[in-house]
Amino acid sequence: MAHPDELIRRYVDGELEYSMANALRAHLDECARCRHNLAALERLDARLSDLDHIVPPRDFAAQVQARATTLAPPRHAPRWHWPLAGLLALCGTLALVVANDQLLALAARLLGAASDLSEWTMTVLGGANSLSAGTALLGLRAGPALVLGLCMLGLAGLIVLRRSLENPLEA
Amino acid sequence: VEARPRDGGQPSDEALARRAQAGDADAFATLVVRYQRAVLNLAYRMLGDVQEAEDVAQDVFIRAYQSLGRFDPSRRFFSWLYRIAVNRCLSYRDRARHDTLDASHSALPDGAPSPEQQAAQHETQAAIRQAIAALPEHERAVVALRYGADLSYEEIAATLRLPLGTIKTRLFRARQRLAGLIEEEGDGSS
């Protein structure tokens, strides 16, 4: 058996099954290095466990309370983000359903435009206004429902993204 | 350690946190009393100084109070609180930039041993505290949670949001490093 450091750790933590513990003991009989490691770890574990614990001052909790009372009471953070994101996603989807024909036309034009992409890119790089160039290329005439639907879905996505990245502690 | 009482008719931490979120100051006070010793000793293991530990522990509870609105009572309160404590200790240490501990500020242990015993114990414990202070931050946090707040491996993993295997590895490495540091200290002083 090579020097079984992981087994020694589990042995110190009392996690080793009976048969493995026996195998380790057999190894320890023959290996001075592992015996030394085990003894050092057990000694250390005992020392760490015996480290002095400090007792909170008698007025610790009162001091915390006194400081807390000078602050605004904790406000339950409104958990509006998920319902709002869901509502926006639902409304956005409904708006896209209403604008179904425009959406399909847009998709078709997007696919068709892929072949002209290089030409469009050259147009943009040539200094033309990118938005108008793109719109002209796609022949896009977006109705209010389509725009609203896409905006709502985008907003729902942003809310979900922001909540996913938020630090829950902010401490 | 008074942490995490679950039985004996006592309200759970999470129930108290829910009440505190609704503005019940007594519920928050109960949580402070319940966790003051564990948080204080966790900070003491992380910082090695009694006065600093007390200051940071107070700050931890104030932060927790201010952040209560964001606590999700379906989660474990102690994990949330200890995570705040570890973060506060790490940021405090960054600010203070204390590379070594001043043994003259060390805590006096509980109880009242004789002056000779106290001196020997004091010296040994100061050496261990110095060794802990020399650990990398992520290993020091695991040691503090294990030996300061008396958490199990599983609870440390939940607190630091790390896999159990990572916690075991970090603690093992920390203990190996500590054993080496303490032996070096012993060799140097002999």
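Everything numeric here is computed off the predicted structure, so don't read it as measured data.
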Which atoms of I132(B) approach chain A - backbone, side chain, both or neither, heavy atom under 4.5 Å: side chain
Side-chain H-bond candidate by donor/acceptor type, D59(B) with Y92(B), under 3.5 Å: no
F61(B) and F60(A) aromatic ring geometry - parallel, tilted or perpendicular at 30°/60° bounds: perpendicular
Part of residues 32-43 of chain A lying next to chain B, heavy-atom separation under 4.5 Å: H36(A), A40(A), L41(A), R43(A)
Check: E14(B) side chain, F77(B) main-chain N or O, donor-acceptor pair, under 3.5 Å: yes
Test salt bridge (Lys or Arg N to Asp or Glu O under 4.0 Å) applied to E139(B) - qualifying residues, sequence neighbours left out: R177(B)
In one Ile/Leu/Val/Met/Phe/Trp/Tyr side-chain cluster, 4.5 Å: L81(B), L71(A): yes
Side chain, backbone, both or neither of I128(B) within contact of chain A (heavy atoms, under 4.5 Å): side chain
Donor-acceptor contact present, side-chain Q21(B) to main-chain L68(B), <3.5 Å: yes
Part of L51(A) within contact of chain B (heavy atom distance under 4.5 Å): both
Partner set under salt bridge (Lys or Arg N to Asp or Glu O under 4.0 Å) for E30(A), not counting sequence neighbours: none
Where at least one partner belongs to residues 162-175 of chain B, residue pairs that pass salt bridge (charged side-chain N to carboxylate O under 4.0 Å, His left out), sequence neighbours excluded: D13(A)-R175(B), E15(A)-K168(B), D45(A)-R175(B)
Part of A64(B) lying under 4.5 Å from any heavy atom of chain A: neither
